[in-house]
Amino acid sequence: MPKVTRRTLLAFTAVASVIEPTFAEGEDASPELRALIGAHEATYVGLHRVVHQAGSSSHERKRADRIEQEALLAICSYPAISRGDRRAKADYLLTTEARGELDLEEHMQAILHSMKR
């Protein structure tokens, strides 16, 4: 059996990074992740509705914010194992981060913990 060196590993990684995307193109996100993303989108719309609603109370806004944060944390902590899930999760979280919404320490901790599973 040939000896595996760092150079061999680096070459394999370089080739895999070029080949892997073509295999992943046909993979979709799992129904579970799609459901989590759909739930977050709904809670995000609900949060904005409450925030912009005339006469909404501080309690209502805090509750809507908490529900939206929990939905986002569910996506952050989802263990994306398949290529389709990894791509969908990354795309969604990058879009969320671009809006300035992925800003809590808990988000990053959940993402990092999800990678350990």
Side-chain angles (χ1 to χ4, degrees):
M1 181 168 208
K3 183 177 176 183
V4 177
T5 65
R6 285 186 292 176
R7 185 172 294 180
T8 307
L9 242 122
L10 182 61
F12 176 76
T13 304
V15 170
S17 69
V18 173
I19 293 173
E20 182 178 356
T22 59
F23 291 137
E25 287 174 0
E27 290 189 42
D28 290 329
S30 65
E32 295 86 3
L33 182 56
R34 287 195 309 264
L36 291 174
I37 289 172
H40 178 256
E41 288 172 339
T43 60
Y44 188 74
V45 168
L47 171 64
H48 280 271
R49 188 178 307 125
V50 170
V51 167
H52 293 87
Q53 179 182 355
S56 65
S57 70
S58 173
H59 174 73
E60 290 171 319
R61 288 189 298 273
K62 284 180 183 177
R63 182 175 180 273
D65 182 59
R66 182 182 47 79
I67 291 169
E68 185 269 337
Q69 288 297 327
E70 288 173 359
L72 183 55
L73 280 170
I75 295 169
C76 291
S77 62
Y78 183 78
I81 296 169
S82 74
R83 289 185 187 117
D85 275 357
R86 287 193 306 267
R87 177 172 286 168
K89 180 178 175 177
D91 287 345
Y92 190 77
L93 292 178
L94 284 168
T95 301
T96 302
E97 193 276 330
R99 291 190 313 247
E101 301 290 328
L102 196 62
D103 57 351
L104 297 180
E105 182 179 321
E106 292 85 14
H107 295 147
M108 196 53 56
Q109 289 176 354
I111 292 167
L112 293 172
H113 282 291
S114 76
M115 294 168 61
K116 289 174 47 177
R117 295 187 183 125

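Computed from a predicted model, the values in this text were never measured in an experiment.
In the hydrophobic clustering of ILVMFWY residues, with side-chain heavy atoms under 4.5 Å counting as a link, Ile75 and Leu94 come out apart. Taking hydrophobic clusters as Ile, Leu, Val, Met, Phe, Trp and Tyr residues chained together by side-chain heavy-atom distances below 4.5 Å, Leu33 shares a cluster with Leu112.
Side chain of Arg34 to backbone of Ala29: a donor-acceptor contact under 3.5 angstrom is found.
Note that OG of Ser30 is 8.0 Å distant from CG of Leu36, once rounded to the nearest 0.5 Å. Atom-to-atom distance recorded for Asp103:CG and Met108:CE is 10.0 Å, nearest 0.5 angstrom. Here CD of Glu68 is found 9.0 Å from CG of Leu73. Values are rounded to the nearest 0.5 Å. Taken from CD in Glu101 to CG in Leu93, the straight-line distance is 12.0 Å, to the nearest 0.5 Å.
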Verdict with supporting geometry, His59 and Lys62, side chain to side chain contact (heavy atoms under 4.5 Å, CB included): CA-CA 5 Å; His59 174 73; Lys62 284 180 183 177; 5.8 Å; no

Verdict with supporting geometry, Arg63 and Ile67, side chain to side chain contact (heavy atoms under 4.5 Å, CB included): CA-CA 6 Å; Arg63 182 175 180 273; Ile67 291 169; 3.7 Å; yes

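Of all heavy-atom pairs between Ser77 and Lys89, the closest is C-NZ, 4.4 Å. Across His107 and Cys76, no two heavy atoms sit closer than the pair O-CB, 3.8 Å.
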Donor-acceptor contacts, no H, no angles, side chain residues 47-55, under 3.5 Å, sequence neighbours left out:
| from | atom 1 | to | atom 2 | distance (Å) |
| --- | --- | --- | --- | --- |
| His48 | NE2 | Tyr44 | OH | 3.2 |
| His52 | ND1 | His48 | O | 2.8 |

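Residues satisfying the salt bridge (Lys or Arg N to Asp or Glu O under 4.0 Å) criterion with Glu70, sequence neighbours excluded, are Arg66.
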